[in-house]
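The next block holds one structure in the form of structure tokens; read it before the comments.
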Amino acid sequence: MLAKTAGQPPRTLAAQLVAALPAIAGIDKIEIAGPGFINFRLSAAAHQALVAKILSAGATFGQSRLGAGKKVQVEFVSANPTGPLHVGHGRGAAYGAVVADLLEAVGYAVQREYYVNDAGRQMDILAVSVWLRYLELCGEVLPFPSNGYRGDYVWDIAATLHREHGDHYRCAAAEVIADLPADAQPEDPTTGDKEAHIDALIARSQALLGEERYRQVFDLGLNTILDDIRDDLAQFGVNYHTWYSERSLAQRGAVTQAIERLQASGAVYEQQGAQWFRSSDFGDEKDRVLVRDNGQSTYFASDVAYHCDKFARGFDRVINIWGADHHGYIPRVKAALQALGEDVGKLDVLLVQFAILYRNAEKVQMSTRSGEFVTLRQLRHEVGRDAARFFYVMRRSEQHLDFDLDLAKSQSNDNPVYYVQYAHARVSSVLRQAAERGIEITPSADSTHLERLTQPQEVALLKTLDRYPEIVESAALNAEPHQLTHYVRELANEFHSYYNAHQFLVDDQALRDARIKLILAVRQVLRNGLALLGVSAPDTM
RNA sequence: GCGCUCGUAGCUCAGCAGGAUAGAGCAACGGCCUUCUAAGCCGUGGGUCGCAGGUUCGAGUCCUGCCGAGCGUGCCA
């Protein structure tokens, strides 16, 4: 690297550098290789001392203060509460959770947040869907809008409403459907306008039910689904500090305020009755609507308000984890923040590509509108939490993920989750075996006897263990959990090789102690790594 | 059309703030259980890093063009 500035061939330069270096403790020898690489060979003692360090650090080994306590917010999943989470959301959940945990491990003060889109048209459509199903349960006969939510969960919510409140929300079908613009028919979409139809249906529902009853139906749908999402994520090992309500934003005038701030900055103009934000002045492809001509503010307006609020809360960094299908949305959000004079550099939007499920080597077809999709809950029940968490973050997040259900379920060496967990369980098994044989184990966290670790497998393990903290650091800073999954697999692999090559419970007590300490260190690092990944580390399998 | 992402072994993927003979798992083939769980290990074969240029002492990694795949491109969220 220096060769250019020094104006000398790399090898010559390397030789000069090496000659100028003083002796360093812990370094055995320094040699020049290839086109000018300087290799520092660590002394065996330096590696061996690591085992003692890992054992005394325990669960904290691998952590650092790199983040210096800076406040970081990680917002992830944030799926609309219009239905249960599906497998696509699952990847964002697993990815976000690990990124947050990694950042925490390297010393950031992390705040995990779920943005709840509890306002807006999609939620109204849900409310209407619930109400229509309820009316059907009441015995009314009426068509279901092509744009409505058709999942079974809608029936469930409607059933609750019917069970607990009887006919309290009932209206005659004729009143509901009178004079509505035609819905689009599935066979021929040109027969009507499904958007106009559903909008009219929403307005009709609100008119017939009145504000209070409409709100009750709406909230029942919202809360039922939100509870389900909360419960689902908790069981997936994904927990939040804050569930941030979009509705609360509007209620306290934050949306209006954000629009006013943009107006004050001169980046807003009116055209055909709508308020437009001049985002193209800030690198976006085109300008965006903040307030529609019907007076309703857009989702984008809420999002500007939400991001203003994030910045006002004083985070040093704000991380959004979005589905890759939203990537076109990034420029306009950044544009708004820029127009408002915020430091856009604080915001990172990380994208997660969809996961494609495979069963029997065939793609599992999914379609949201028909309500036919595999839910996260179904996936968890099918393959288990550990496999789901591990598989989701096994690949780079911006890479499409082929999720092989059969592999995730298989209890074989093909399955990387079991492979790593098995290594952990094997260490525990050795300890149990020792206890059975009456071998006393003194897991002192010092370096006694560690000089006996000289086998190739032992040296390899020591080197790999040594890399753990930098892997955690790199995975955290680059938001790349897959680095960790690769690492734990490699560590497990080296342990299995060691296991097959050498006995640990040997008669030579000093050697035995040294080996036990080493495998205890391996177990500790596996445990720490798996913990960061949200995967359990079982003692038996 | 434009924008973003991606193209590495038969398959799934690492490697990408440029650096040593390009790695892993699966699949294929051949071995290893009287010994701490064989959910394991050891070995063999397998690659013009999409194509073409460029920058550089050096390119899978950076730049440009092309080809191919996905996504986005609403007064939807």
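Below, chains carry the letters A, B, ... as their sequence lines are ordered, and counting in each starts from 1.
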Taking atom [atom1] in both [N] and [M], compute the distance separating them and give it to the nearest angstrom.
N     : M     : atom1 : value
B:G72 : B:G15 : P     : 26 Å
B:G7  : B:G47 : C1'   : 15 Å
B:A17 : B:A77 : C1'   : 37 Å
B:G3  : B:G65 : P     : 9 Å

Self-check item: Option passing side chain to side chain contact (heavy atoms under 4.5 Å, CB included) with A:V130 (candidates A:I225, A:V217, A:I125)
Solution: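 In the set A:I225, A:V217, A:I125, the residue that makes a side chain to side chain contact (heavy atoms under 4.5 Å, CB included) with A:V130 is A:V217.
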Check whether the side chain of [X] and the base of [N] form a donor-acceptor pair under 3.5 Å.
X      : N     : answer
A:H327 : B:G3  : yes
A:Q503 : B:U35 : yes
A:Q272 : B:C75 : yes

Does [N] have a Watson-Crick or wobble mate here (both distances under 3.5 Å), and if so which one?
N     : answer
B:A14 : none
B:A38 : none
B:C57 : B:G19
B:A69 : B:U5
B:G47 : none
B:C75 : none

Practice problem: Give the ring-plane orientation class for A:F495 versus A:Y499, where under 30° counts as parallel, over 60° as perpendicular and anything between as tilted. | Solution: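 Correct class here is tilted.
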Have a look at [X] and say if it touches a base, only the backbone sugar-phosphate, or nothing, with a 4.0 Å heavy-atom cut-off.
X      : answer
A:A425 : base
A:R396 : base
A:Y329 : base
A:T82  : nothing

Practice problem: Flag yes if more than 12 heavy atoms outside A:K334 fall under 6.0 Å of its NZ atom; otherwise flag no. | Solution: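 More than 12 within 6.0 Å, yes.
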Give a yes/no answer on whether the side chain of [X] brings an N or O atom under 4.0 Å of OP1 or OP2 in [N].
X      : N     : value
A:R432 : B:U37 : no
A:S497 : B:C42 : yes
A:N415 : B:C26 : no

Practice problem: Just label B:C33 as syn or anti from its O4'-C1'-N9-C4 or O4'-C1'-N1-C2 angle, using within 90° of 0 for syn. | Solution: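 Nucleotide B:C33 adopts syn.
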Practice problem: Verify whether one side chain among A:Q122 and A:Y149 offers a donor that lies under 3.5 Å from an acceptor in the other. | Solution: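 Their side chains do contain a donor-acceptor pair, which is all the 3.5 Å distance test asks for.
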Quiz item: Between A:N493 and A:L351, which is nearer to the 5' end of RNA chain B once each is assigned its nearest nucleotide?
Solution: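 Of the two residues, A:L351 wins.
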Self-check item: Pairwise 5' ranking along RNA chain B for A:Y499 and A:R395, keeping only the more 5' one
Solution: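 Here A:R395 is the residue nearer the 5' end.
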Quiz prompt | A:Y95/A:Y392 aromatic ring centres below 6.0 Å | solution =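 Between A:Y95 and A:Y392, the centre distance exceeds or equals 6.0 Å.
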Quiz item: Less than 5.5 Å between centroids and less than 30° between ring planes, does A:H326 satisfy that with B:A77?
Solution: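 So A:H326 counts as stacking on the base.
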